[in-house]
Structures are given as C-alpha cells and as structure tokens.
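Here is the structure we will look at, set down as structure tokens.
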Number of protein chains: 2
Amino acid sequence: MRIGELSTHTRTPVRLLRYYEEQGLIASDRLPNGYRDYEEYVVDRVLQVRGLLDAGLPTRIIKQILPCLNTPRTIHMPYVTPDMVATLEHERDRMAEKIECLTKNHRAITDYLDAARRDTRASYR
Amino acid sequence: MRIGELSTHTRTPVRLLRYYEEQGLIASDRLPNGYRDYEEYVVDRVLQVRGLLDAGLPTRIIKQILPCLNTPRTIHMPYVTPDMVATLEHERDRMAEKIECLTKNHRAITDYLDAARRDTRASYR
DNA sequence: TCGAAGGGTGACATTGGTGTGAGGGTCAAT
DNA sequence: ATTGACCCTCACACCAATGTCACCCTTCGA
C-alpha cells in the first residue's frame, strides 16, 4: 500500500507518516520508483503510535517500547537487557499514573454532566 | 503561601507556576510587596493540572474543564451553556479513548515483562 | 501528449510546554 | 549597611509534533 492509502486508512497526514518513519516508529519498503510501500499491519501500528502520542508519550519512548508490544507474539524473547526492563517498568508505572489521573477526571466530568442534566430537567418542571 | 513554598509542595518549577497562572489555570493574590500569595487548595489544583497536562491535555482544554471539576461541589450549577456541554462531552470521550489506549498498552508491557521474567528464570534452570 | 494526482526530499514556520538568564526589588539576619 | 535568599517581570531559547511550501519526478487517464 502506498502512503496516500495509508494516510486515508489511518486518517493521518502524509507528513506525519514520513515523520514517524524518520523517528523509527514505522517501516516501509520502496517500490522501484522510490515510492514508499507499506505492509498491511502498518495501519494498526500507526493507530497505536498515534494513540500513544496522543496520550502524551514522546516518540523517543514509543520507539523503545514498541518492539515489546508487537502483537505477533514473539516466540522466544531475545536478550532483554536489565536496562530495557527498567525502562519498561518505569514507563509502565507512568502509564498507570496517567490512567489513574485520566480516570479520575473522566469520572468528574461524567458526574458533572449528570448533575447538569438533572438540573436542566428540574428547571423544566 | 508564597510561590517558593508552593513550588516545593508540588515539586513544580516556579517558572511553571507562573505560566499556569498566565494561562488562567491557577489564581493568586498579591501581598503588599507584589509577591504572589496562594491559598492552600492551590496545591491540589496544581497537582491536578500537572496530571492532566502530563496525560496530554493542552492548557486550553484544561482551563475549560477545570471549573467543572472543582471539588468543593458547587451547590447550584450556574447556566451551563450547550456549548460547554458539547465541549465536556467531547473531552470526556477523548479521555475515554486515551484511557483505553493507555490501558491496552499498559497491559501489553505488563505481559511482556511477565514473559521476560519467566524466560529469565527458565534460563537459570 | 498533456495535465492532474500522487509521490519524493528539503527547509522553514509554528505552537505549547519548559529552561534560563538579565536586571531589579524585598526582607531577615548578621 | 551588607549579604543572601526569595520574589518580580521580560525576553530569548529549546524541543517535539505538525503545518506548509518549493521544486522535481512518476503514473495514468482523457
């Protein structure tokens, strides 16, 4: 698949796809004419990257953890350095914090909206 | 409390406290000499702001939704414009997406680490 | 064969959060 | 009276993610 198609499939500007590649987050082959050529799975990959990016993780970190998240479950895990383990644990904990924070505020918004709705209905009676 | 104290309490650079104020996320009185003077509750506020910021929300949005999250449960909700409701619903949904994405990846990291640990133990036997 | 659509690289601009420094006040302790 | 810690404002700098533009090439259909 060429970059335009990938772009529409992922609703991601072409510019960013090239940027993600430059940052080592996605890979592409090249057609004889120099055009990028993507495999099917890259679509999911891009969506995952965007999700993580949108959740506030920098590309630097995403690049580090992506290889560990890749869904075609690696059969035998190659040499995980203690360094890598530390990074992963750290990021895992940071993610947990973010989740907690978001969850708390998500609930607060939900509660607020509920209350507002009740209020609105009440004012009609 | 003056800015230095707030800074240590929240482990937040003074620079950023002033920035958050400039963005309308926190408020301060002024002492006769021009120093900023914060009330106790601002500590929590700063932590909340940082959490949201760290989770990827821009100050613009935080500023909009903060008034709705403020814990001293407002007794009667003042005129919530339909506009505001729409914004809140939108942000709520975006937060839900982020939570989902982070949760998924958090689990993936956790699983990966578990597998790696098993692998390591196995190689000792 | 020509034009439009799509692709390539490279470079500069912008935005938001943050760092840092200059230049200058306040105040408490010595 | 001086020093040192703390505060003020203003301004420039930085980085990462993105937008945008210039300039050139390839493919394909009218």
Side-chain angles (χ1 to χ4, degrees), chain A residues 1-39 42-43 45-66 87 91 94 97-98 101-102 105, chain B residues 1-39 42-43 45-66 91 94 97-98 101-102:
Chain A
M1 145 182 15
R2 285 178 310 171
I3 203 168
E5 198 183 346
L6 181 60
S7 170
T8 62
H9 278 25
T10 58
R11 289 183 302 283
T12 302
V14 166
R15 170 70 172 89
L16 289 188
L17 295 175
R18 294 201 263 250
Y19 174 67
Y20 298 155
E21 177 172 334
E22 187 184 307
Q23 300 303 307
L25 303 181
I26 58 178
S28 68
D29 303 342
R30 292 296 177 129
L31 296 172
N33 56 8
Y35 287 12
R36 285 172 179 80
D37 182 31
Y38 298 96
E39 312 220 4
V42 178
V43 173
R45 180 94 164 206
V46 169
L47 294 176
Q48 185 181 28
V49 166
R50 301 216 91 200
L52 290 169
L53 230 27
D54 185 56
L57 279 77
T59 54
R60 202 186 73 253
I61 299 297
I62 298 177
K63 182 179 176 179
Q64 280 187 76
I65 65 180
L66 260 188
T87 300
E91 286 310 316
R94 279 178 56 77
E97 280 171 33
K98 287 188 194 198
C101 175
L102 284 170
N105 286 288
Chain B
M1 144 182 17
R2 285 179 309 171
I3 202 169
E5 199 183 344
L6 181 61
S7 170
T8 62
H9 278 23
T10 59
R11 289 183 301 284
T12 302
V14 166
R15 169 72 171 90
L16 290 188
L17 296 175
R18 294 200 264 250
Y19 175 67
Y20 298 154
E21 177 172 333
E22 188 183 309
Q23 301 303 307
L25 304 181
I26 56 177
S28 68
D29 303 340
R30 293 296 176 127
L31 297 173
N33 55 11
Y35 288 11
R36 273 168 252 261
D37 182 31
Y38 298 96
E39 312 218 4
V42 178
V43 173
R45 180 96 164 206
V46 169
L47 294 176
Q48 184 182 28
V49 165
R50 301 215 90 200
L52 291 169
L53 231 26
D54 185 57
L57 279 77
T59 53
R60 204 186 73 253
I61 300 296
I62 298 178
K63 181 179 176 179
Q64 281 186 78
I65 65 181
L66 261 187
E91 285 312 314
R94 278 179 56 78
E97 280 171 32
K98 287 188 193 196
C101 174
L102 284 170

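Only this structure's heavy atoms are used, side chains among them; waters, hydrogens and symmetry mates stay out. A, B, ... follow the sequence lines: proteins, then strands. Residue 1 opens every chain.
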- To the nearest Å, give me how far apart NZ (B:K63) and C1' (C:dG16) are. 15 Å

- Task: Report yes if the side chains of A:V42 and A:L17 come closer than 4.5 Å at any heavy-atom pair, otherwise no.
- Result: no

- For B:L31, which contact category applies under a 4.0 Å heavy-atom criterion: base, sugar-phosphate, or nothing? nothing

- Item | Test item: A:I65 and A:L57 side chains (from C-beta on) under 4.5 Å apart, heavy atoms | yes

- Atom CG of B:L57 and atom C1' of C:dG17: how far apart are they, to the nearest Å? 14 Å

- Are OP1 or OP2 of D:dA17 and a side-chain N or O of A:Y19 less than 4.0 angstrom apart? yes

- Starting at atom CD of A:E22, determine the distance to atom P of C:dA11, rounded to an integer number of angstrom. 11 Å

- Could you state the CZ-C1' distance from B:R50 to C:dG17, rounded to the nearest angstrom? 10 Å

- Along nucleotides 6-11 of chain D, 5' to 3', which nucleotides get a B, which get an S, and which get a -, given that the test is a protein heavy-atom distance under 4.0 Å? BSSB-B

- Query: Are more than 12 heavy atoms from other residues, nucleotides or ligands located less than 6.0 Å from atom CZ of A:R60?
  - Reply: no

- Message: Is it the case that atom CZ in B:R11 sees more than 12 heavy atoms from other parts of the structure closer than 6.0 Å?
- Response: no

- Indicate whether OP1 or OP2 belonging to C:dG17 is found under 4.0 Å from a side-chain N or O atom of B:T59. yes

- Task: Could you state the atom-to-atom distance from CD1 of A:I62 to C1' of D:dA16 in whole Å?
- Result: 11 Å

- Query: For the pair made of CD in B:Q23 and C1' in C:dG16, what is the distance, rounded to whole Å?
  - Reply: 9 Å

- Item | Side chain proximity check, A:R94 to A:I61, heavy atoms < 4.5 angstrom | no

- Query: Does a side-chain heavy-atom distance below 4.5 Å link A:E91 with A:Q64?
  - Reply: no

- Evaluate the side-chain proximity of A:Y20 to A:L53: yes if any heavy-atom separation is below 4.5 Å, no if none is. yes

- Whole Å only: how far is the CG atom of A:L17 from the P atom of C:dG7? 10 Å

- Between CG of A:L52 and P of D:dA17 the distance, given in whole Å, is 12 Å

